[in-house]
Amino acid sequence: KRSVRDQDQRSQFLKEELQLIFSSKWFSTGTGERNKSGRFHQFRPYHYWLPLLGLYTGARLNEICQLYLTDIKNTDTGIYFFDFNEIPTKTEINAPTPDKSLKNTDSTRTVPMHVQLIKLGLPEYITALKRNGYDRLFPELLHNNIKGYGKAAGSWFNEHFLGKALGIPRDGMRSFHSFRHTFITALDELDTPSKIQSQLAGHMRGETETAKRYRKDRDSEKLKPYVDKLEYFLPPIAVFSVSDGLDAVRDALRRKLTSSKKSK
């Protein structure tokens, strides 16, 4: 017999914790700090986008980190949405092992892009990445055979950012996954139908055979009103600097290349 309910195994972020997280300088300025050489030594674009994507999509960390630019799409009416899937992209078809994975088959889903992400410049950043020859949303993150693309990002957010920088206790109750709890709780507080919550979260779409087998997912156009209703009352967040983001990616890849050469 378990002594802890499933919902109590990890906490959502409290309002004051969200205020603390999104008061970090790169949110208030839309960029990070350059060093004396004019390069981004510590700031990475995922520092800005990952917490926002976790909060406004409810997706798991690795689901976000492994997104290819082709996984972010438009409907015929121009609605942006995230397609969380395990479908091989052109760059990974011949790879030794697939670099995209989901928790289970129910995790395959689409989630509309929240209006706040659009206002902060995510579509413009995606376009710029494509123009500069990148194929992933976070090309600065390298793939790990066990933890996927989320390994370095998880260490940064949970240990360095939450624990060391913000002083939030590392007791297992709060981590990047808390954004998922926050997202689903916020949907529920808006009286979002349970079947819509399940679809957006990537959970089983009902308990009956009829619901699981025959009821189809709602498309992004029908889901978007539910997502856009989410409001978290965050501190003012500046629009992301696309040019600085591209420079930060180049600096990150340059450092990884240099480290790789030194290790040989």
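Heavy atoms only: backbone and side chains are in, while hydrogens, waters and symmetry mates are out.
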Whether the side chain of Asp188 engages the backbone of Ala186 through a donor-acceptor N/O pair (distance < 3.5 Å, no angle test) should be reported.
no

Any chance you could measure Ser11, atom OG, to Ile168, atom CD1, to the nearest 0.5 Å?
11.0 Å

With no hydrogens and no angle check, just 3.5 Å: does a side-chain donor-acceptor pair link Thr77 and Glu221?
yes

Between NE2 on residue His47 and CD on residue Glu140, distance to nearest 0.5 Å
8.0 Å

Measure the shortest side-chain to side-chain distance between Phe138 and Ile64 over non-hydrogen atoms and say whether it is less than 4.5 angstrom.
yes

All side chain to side chain contact (heavy atoms under 4.5 Å, CB included) counterparts of Asp171, not counting sequence neighbours:
Pro169, Met173

Compare all side-chain heavy atoms of Leu53 with those of Leu122 and state whether any distance is below 4.5 angstrom.
yes

Check whether any side-chain heavy atom of Ile87 lies under 4.5 Å from a side-chain heavy atom of Tyr68, and answer yes or no.
no

With side-chain contact (heavy atoms from CB on, under 4.5 Å) as the test, would you mind laying out the steps for Arg255 and Arg39 before giving the verdict?
CA-CA 11 Å; Arg255 290 189 66 194; Arg39 293 181 176 177; over 6 Å; no

Would you call Lys25-Glu33 a salt bridge at under 4.0 Å N-O?
yes

Pairwise distance CZ(Arg180) to OG1(Thr182) - rounded to 0.5 angstrom:
11.5 Å

Closest non-hydrogen contact found for Gly202 with Asn104 is O-OD1, 4.2 Å

Please report the shortest heavy-atom distance between Leu162 and Asn158, naming the atom on each side.
CB-O, 3.6 Å

Tell me the closest heavy-atom pair linking Asp99 and Gln66, and the distance in Å.
O-OE1, 3.8 Å

Assess whether atom CD of Gln42 is packed by more than 12 heavy atoms of other residues, nucleotides or ligands within 6.0 Å.
no

How about Phe161 and Trp26: are their ring centres within less than 6.0 Å of each other?
yes

Taking atom CG of Leu14 and atom CD of Glu16, what is their separation to the nearest 0.5 Å?
4.5 Å

Give a yes or no answer on whether the side chain of Asp251 reaches the backbone of Phe40 with a donor-acceptor pair at less than 3.5 Å.
yes

Using a strict 4.0 Å threshold on nitrogen-to-oxygen distance, state whether Lys130 and Asp135 make a salt bridge.
no

Is there a path from Leu200 to Ile118 through hydrophobic residues (I, L, V, M, F, W, Y) whose side chains come within less than 4.5 Å of each other?
yes

Ignoring hydrogens and angles, tell me if any N or O in the side chain of Thr192 forms a donor-acceptor pair with the backbone of Leu187 under 3.5 Å.
yes

Exam field: side chain Gln12 to backbone His181, donor-acceptor pair closer than 3.5 Å
no

If you look at every heavy atom in Glu86 and Leu102, which pair is closest and at what distance?
OE2-N, 2.8 Å

Run the side-chain contact (heavy atoms from CB on, under 4.5 Å) test on Leu120 and Phe240 for me, step by step, so that the C-alpha distance in whole Å, both residues' side-chain angles and the decisive distance to 0.1 Å come before the verdict.
CA-CA 6 Å; Leu120 293 177; Phe240 184 72; 5.6 Å; no

Do Leu253 and Leu137 belong to the same hydrophobic cluster, where Ile, Leu, Val, Met, Phe, Trp and Tyr are linked whenever their side-chain heavy atoms lie under 4.5 Å apart, directly or via other members?
yes

Cation-pi check, Arg174 onto Phe13 ring (under 6.0 Å, within 45° of axis)
no

One pair to check against side-chain contact (heavy atoms from CB on, under 4.5 Å): Tyr149 and Leu142. What are the steps and the verdict?
CA-CA 6 Å; Tyr149 289 107; Leu142 298 182; 5.8 Å; no

Taking Gln19 for its side chain and Phe233 for its backbone only, find out whether a donor-acceptor pair lies under 3.5 Å.
yes

Please report the C-alpha distance between Leu129 and Leu69 in whole Å, then the side-chain angles of each, then the deciding distance to 0.1 Å, and finally whether the side-chain contact (heavy atoms from CB on, under 4.5 Å) criterion is met.
CA-CA 8 Å; Leu129 286 170; Leu69 299 176; 3.8 Å; yes

Phe176 versus Arg60: any side-chain heavy-atom pair under 4.5 Å?
no

Proximity of Trp156 and Tyr46 rings by center, below 6.0 Å
yes

Just by modelled atom types, is the Leu67 backbone N or O under 3.5 Å from a matching donor or acceptor in the Lys100 side chain?
no

Would you say Leu55 and Ile196 are hydrophobically clustered, going by side-chain heavy atoms of ILVMFWY under 4.5 Å?
yes

Looking at CD of Gln197 and CG of Leu190, how far apart are the two atoms once the value is rounded to the nearest 0.5 Å?
9.5 Å

Sidechain N-carboxylate O distance under 4.0 Å for Glu63, Arg109
yes

Would you call Met113 and Ile72 a side-chain contact if the rule is heavy atoms closer than 4.5 Å?
yes

Check for a donor-acceptor pair, side chain of Asp228 on one end and backbone N or O of Val115 on the other, with a separation under 3.5 Å.
yes

Considering all heavy atoms of both residues, which atom of Gly150 and which atom of Cys65 are nearest to each other, and what is their separation?
CA-SG, 3.8 Å

First locate atom OG1 of Thr57, then atom CZ of Phe81, and finally report the distance between them rounded to the nearest 0.5 Å.
14.5 Å

Backbone N/O of Phe157 and side chain of His160: donor-acceptor pair under 3.5 Å
no

Examine distances only and state if a side-chain atom of Asp83 and a backbone atom of Thr110 form a donor-acceptor pair shorter than 3.5 Å.
no

Salt bridge between Arg34 and Asp244, side-chain N to carboxylate O under 4.0 Å?
yes

Taking side chain as C-beta onward, heavy atoms only, is Phe183 less than 4.5 Å from Tyr232?
yes

Between Phe43 and Tyr48, is the ring centre distance below 6.0 Å?
no

Min side-chain heavy-atom separation Phe82-Leu117 under 4.5 Å:
yes

Could you pull out the closest heavy-atom pair between Asn132 and Ala128, with the gap in Å?
ND2-O, 2.8 Å

Check for me, please, whether Leu52 and Leu166 land in the same ILVMFWY cluster - side-chain distances under 4.5 Å, paths through other members count.
yes

Less than 4.5 Å apart, any side-chain heavy atom of Leu234 and any of Leu18?
yes

Ser241 pairs by side chain to side chain contact (heavy atoms under 4.5 Å, CB included) with which of Thr29, Asp247, Thr31, Leu246?
Thr31

